[in-house]
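Structure record follows, encoded as structure tokens.
Below, chain A is the first sequence line, B the second, and so on; all start at residue 1.
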Amino acid sequence: MKQVTWTITENTPLTPDTYRLRLTGDTEAITAPGQFVNLRLSGFYLRRPISVCDWEPGAATLIYKVLGHGTAAMTHLPAGTELDVLTGLGNGYDTSLAGERPLLVGGGVGIPPLYGLARRLTAEHRQVTAVLGYNRASDIFLVEELHALGVTVRLLTADGSAGICGLVTDGMEGVNYTHLYTCGPEAMLHAVWQRCRTDGQFSFEERMGCGFGACMGCTCRTKYGHKRICKDGPVLRREEIVW
Amino acid sequence: MKQVTWTITENTPLTPDTYRLRLTGDTEAITAPGQFVNLRLSGFYLRRPISVCDWEPGAATLIYKVLGHGTAAMTHLPAGTELDVLTGLGNGYDTSLAGERPLLVGGGVGIPPLYGLARRLTAEHRQVTAVLGYNRASDIFLVEELHALGVTVRLLTADGSAGICGLVTDGMEGVNYTHLYTCGPEAMLHAVWQRCRTDGQFSFEERMGCGFGACMGCTCRTKYGHKRICKDGPVLRREEIVW
Amino acid sequence: MVNTAVTLCGLPLENPVIPASGTFGYGYEFAQIYDINCLGTFSFKGTTLAPRYGNPTPRIAEYAGGLLNAVGLQNPGVEAVIREELPRLREVFHKPVMANVSGFSVEEYAQVCRQLDGEDQVGWLEVNISCPNVHGGGAAFGAEPQTAAAVTRAVRDVTKKPVIMKLSPAAADIAAVARACQEAGADGVSLINTLPGMRIDLKHRRPLLANGTGGMSGPGIFPLAVRMVYQVYEAVDIPIVGMGGVSTAEDVLELMLAGATAVGVGAANLVEPCACRKIIQDLPAAMERYGIQQLTDIIGGAHHG
Amino acid sequence: MVNTAVTLCGLPLENPVIPASGTFGYGYEFAQIYDINCLGTFSFKGTTLAPRYGNPTPRIAEYAGGLLNAVGLQNPGVEAVIREELPRLREVFHKPVMANVSGFSVEEYAQVCRQLDGEDQVGWLEVNISCPNVHGGGAAFGAEPQTAAAVTRAVRDVTKKPVIMKLSPAAADIAAVARACQEAGADGVSLINTLPGMRIDLKHRRPLLANGTGGMSGPGIFPLAVRMVYQVYEAVDIPIVGMGGVSTAEDVLELMLAGATAVGVGAANLVEPCACRKIIQDLPAAMERYGIQQLTDIIGGAHHG
Ligand SMILES: Cc1cc2nc3c(=O)[nH]c(=O)nc-3n(C[C@H](O)[C@H](O)[C@H](O)COP(=O)(O)OP(=O)(O)OC[C@H]3O[C@@H](n4cnc5c(N)ncnc54)[C@H](O)[C@@H]3O)c2cc1C
Ligand SMILES: Cc1cc2nc3c(=O)[nH]c(=O)nc-3n(C[C@H](O)[C@H](O)[C@H](O)COP(=O)(O)OP(=O)(O)OC[C@H]3O[C@@H](n4cnc5c(N)ncnc54)[C@H](O)[C@@H]3O)c2cc1C
Ligand SMILES: Cc1cc2nc3c(=O)[nH]c(=O)nc-3n(C[C@H](O)[C@H](O)[C@H](O)COP(=O)(O)O)c2cc1C
Ligand SMILES: Cc1cc2nc3c(=O)[nH]c(=O)nc-3n(C[C@H](O)[C@H](O)[C@H](O)COP(=O)(O)O)c2cc1C
Ligand code: FES
Ligand code: FES
């Protein structure tokens, strides 16, 4: 964990309510895909946790969806704005367990961290398949970028307006995978967990006080005791999860 | 009273802790020198009352001193910043009572509203004298501008580092005036009130909740009953003041 | 089209938004800025039997969540209110108005209410029991159920108008106070009044407000208001006017879900003179966002979940 | 050179800044960010007899003045604290630490304090009486002077370490509770704990926190803390650890002028991990700004003016 200042270089809508934020600044503390950052926004007391979508030395990309007042305020931040960021938070995904054919399952704004993961997995020469679920065609983002990495993408929408009509669990049918990585709403994670036939890594969300393990605001029960989503997670192993 | 948006065109230090803020926007509601505006600052709940130093259609000048956190934050506002302003507040000075030789007595950041007053009085072809008190030479501002209007300026500093060494009451000695206008710290107003040998108008400060007469936060006692500094003032007539 | 109408103690309100006492004067200042007839109603400045100057200044301080005030119930006294303020108020506001009443003895409350009972435009009497009881060692009437009930009974006896008891968040058990008011005949309760707080002037090393303490209001007390409205809703059957830190249409919905039938807006009027008009304008869109057809449907709605 | 040292119940503190219980864990997370030995001391997470999971999530909500938490005293229980946490803590923090103790019965408080009494590094016992009394209908021990005194006596009997009773702002009369604690043998009091509040989830029409209510903390409660410290200072002769919304060195001075000997910093640590280090770094300049040579000179200074 590190407290740094990042400067916005770009803040553009990818869909009507999903934005891509590109930033420059110290990214040293980020060591694994699936980690997150905690952004201080002027006018809000608590920081806002957002997954790292992609990063390189000196630059990072985040993708966020407008959900409440904080994320709505974020859409108004112009390029040049400096943000106070706690970076390198959480454990992130472990790519050493991926095997040859990892499967990535993402829903909505659970998809961004899977991009950074896919980039690392493809760099490690694994055959990556991604099952991506959106509500409707106009919600789609990151699909081309994943294609460009060489990922096999299965696209689903809940209303059938693009790709296959259905949920991510429908998209998982028939995929032959060695390990599963997933991120998305809790109901989706649960359904994916029930379908998953290999070991897997599940990334959770919780309302956070601090984001670095100090307040016990984000605790969940696991088979191995209480864990803090922000510090011991957000990624949990399949076998330890208690629903 | 009117709620308007003003845009900062300039925010420059005149002394180490006193700044001039030039703004553009609707100034229609300002009708008399000595009126004030109430500025909304991001990060602060209450607005900050600042006297109008000068104004014309479409533009206004304020001069403020860094006193606490709000005025300190103001120094960081760059040109182009839009401010939410309640304008045209308070009664202001009545120039019809000035007579031929009005005397203006100002101390520190009580001086700014006297500039707008002097401009109107000189335009009305009165012979204006201003007694201006500062703590030290490095605090001096607005003197040249008042000179330029044709005002006779008597300059005093408490430490003698410029002008006459003394307080404004010393500077009042020997001036032959028809009416007195003053603004400054309360202790100064009281001393001036005791010295004043004509009718006069005294501008007061008080902590304000609203600035437009709604909350009774700024009430003072006068000979004619309770008055709200923000609405029935900030300018009170000499005879009505109760110390 | 969504429906914002509610009924408060038998009287209809076009919408639940009520500028809170002490932040809206007698309405004139605001009537110069917008047509205040868009309001559900408003509660005018707290009225006592005798004229009061209130506390010395400074009366206002700031904190991160709003402001502190120690105005000290400045008002011209009930006779002047009836003689001078109400006729002027009538010119700018054409709906029943809420009369806010304060007192320092049970008799004073009763006396003020008796006089206001004769005023046609007064729709409700809102009885502020945060004031110290001069016969009771200075504790507020609203601190304990017994004293709150005593004021309620005395006021109930002298008026046929709906009586709304305004509760203090400084009460040990606000739900118990509300219950006592209901049992003593109150038609409604309103809450919360300001929360006693203090700021200190570092330069002069003394309390910043001349009065020492002042009442905290504004968004910083909003969760306290929500919690208390929620608790009082479970304790009484009479309508609640919820308030404390409301600044947006969403805040109105939140307090109504907690149990409020109508919602007071105080401090927000002081820093945003058009706050109440804006809240009223924003209400329909906010209702649609949360699938609300009629505001009356959501009163206490957070208790079923 | 200004002097920031104070003495708290006989033990010297390099400076009055104390991260508040529940916001600093056992110090490790912060020790990774800065050398926490710059602190006066810190109060570790509230400890109960048995391990506690705490409340279901969501446990955190936001408001304009800070946050609400309903963590519900999650902790591994006093035995695990002694066996596992204190040895690890010792590696990163070399000063006496404040042990925060909670309980749901008088016996539990005494039992936990008895066990912690044997720990060398524990300098003070801070006894949090905001918890509900399971034998007392769920009212908090800190709500009334009698129950607060009962806990104080029980704890006093089992330890020679200084006992600091941590008071709740929800008490009807916090000064009376403080006085009762002093009479029952407390060496100090700390205040304020969080203020019960609530937020409601508009989308789901139910309280946002799974627990319903949660404790308000952060700058929104600062004037409440100042007021209560001021009142308690007039009621007791034992030192006060003041807290509630402190975020800056000036806030520290303000609470000390109100009467605090040392100052707790809670929520600020969560959003600004280096908050306490920064406050300590800023203290000397802030003292100079207000002409303060020694911090001990200003304790209660606002009462003389
Ligand atoms: C580890 C982690 C990674 C995340 N990554 C992303 C991401 O990459 N892209 C993205 O769009 N969103 C992400 N989220 C969700 C994002 O944090 C919330 O959408 C955001 O905090 C909402 O803030 P708001 O002010 O708009 O909503 P409000 O409802 O106004 O926020 C009020 C409070 O609730 C919290 N909150 C509300 N919803 C959530 C939520 N779903 N999860 C956690 N806290 C919440 C806020 O942080 C704030 O403290 C992530 C959350 C977590 C915990
Ligand atoms: C009618 C009027 C006209 C004024 N004109 C000018 C001017 O032209 N130039 C100028 O520099 N100053 C002027 N002032 C004073 C100015 O309002 C304060 O210096 C300013 O509000 C301080 O804000 P702060 O946040 O820096 O101080 P803080 O102390 O942090 O402010 C805390 C609160 O106290 C209030 N406050 C603090 N000091 C004063 C004060 N002296 N008067 C009123 N409120 C105060 C603030 O508005 C705020 O609500 C005027 C005040 C009034 C009432
Ligand atoms: C300046 C001011 C004056 C007030 N005067 C009164 C009053 O006279 N009578 C009363 O019952 N409440 C009074 N109140 C309390 C408000 O009506 C309201 O209950 C409280 O401020 C909480 O709401 P808010 O946070 O929206 O301001 C006053 C509040 C303020 C800020
Ligand atoms: C997340 C969180 C957990 C807390 N846990 C405890 C606790 O275990 N014991 C305790 O006495 N106080 C606890 N508190 C209260 C704080 O110690 C402090 O009294 C309160 O938050 C007010 O200070 P602040 O506004 O600076 O946060 C907790 C506060 C927070 C925010
Ligand atoms: S959010 Fe504080 S411990 Fe996880
Ligand atoms: S500041 Fe509100 S009446 Fe003057």
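Here the straight-line distance linking atom CD1 of Ile60(D) with atom SG of Cys215(A) works out to 4.5 Å at 0.5 Å rounding.
Under the side chain to side chain contact (heavy atoms under 4.5 Å, CB included) criterion, Thr24(A) pairs with Thr7(A), Thr9(A), not counting sequence neighbours. Under the rule for a ring-ring contact (aromatic ring centres under 6.0 Å, His included), the partners of Phe24(D) that lie at least two apart in sequence or sit in another chain are Phe30(D), Phe42(D).
Only the side chain of Ile33(D) comes within contact range of chain A, judged by heavy atoms closer than 4.5 Å. For Ala70(D), no part sits under 4.5 Å from any heavy atom of chain A, backbone or side chain. The contact between Met1(A) and chain D is made entirely by side chain atoms (from C-beta outward), counting heavy-atom distances below 4.5 Å.
For the set Pro58(D), Gly22(D), Gly25(D), Gly66(D), the entry with the most heavy-atom pairs within less than 4.5 Å of chain A is Gly66(D). The choice from Ala64(D), Cys274(D), Ala267(D) that makes the most heavy-atom pairs within less than 4.5 Å of chain A is Ala267(D).
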Report the donor-acceptor contacts between chain A and chain D below 3.5 Å as a table, one pair per row.
| residue | atom | partner | partner atom | Å |
| --- | --- | --- | --- | --- |
| Gln3(A) | NE2 | Glu272(D) | OE1 | 2.8 |
| Arg40(A) | NH1 | Glu272(D) | OE2 | 3.0 |
| Tyr45(A) | N | Glu62(D) | OE2 | 3.2 |
| Leu46(A) | N | Glu62(D) | OE2 | 2.8 |
| Arg47(A) | NE | Val271(D) | O | 2.6 |
| Arg47(A) | NH2 | Val271(D) | O | 2.9 |
| Arg47(A) | NH2 | Glu272(D) | OE2 | 3.3 |
| Arg48(A) | NH1 | Glu62(D) | OE1 | 3.4 |
| Arg48(A) | NH1 | Glu62(D) | OE2 | 3.0 |
| Arg48(A) | NH2 | Glu62(D) | OE1 | 2.8 |
| Glu206(A) | OE1 | Thr57(D) | OG1 | 3.0 |
| Met216(A) | O | Arg59(D) | NH1 | 2.7 |
| Thr219(A) | O | Tyr53(D) | OH | 3.3 |
| Thr219(A) | OG1 | Arg59(D) | NH1 | 3.2 |
| Thr219(A) | OG1 | Gln74(D) | OE1 | 2.6 |
| Arg228(A) | NH1 | Glu29(D) | OE2 | 2.8 |

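Sorted by first and then second residue, the salt bridge (charged side-chain N to carboxylate O under 4.0 Å, His left out) pairs involving residues 49-59 of chain A (not counting sequence neighbours) are Asp54(A)-Arg119(A).
Across Leu270(D) and Ala214(A), no two heavy atoms sit closer than the pair CD2-CB, 4.2 Å.
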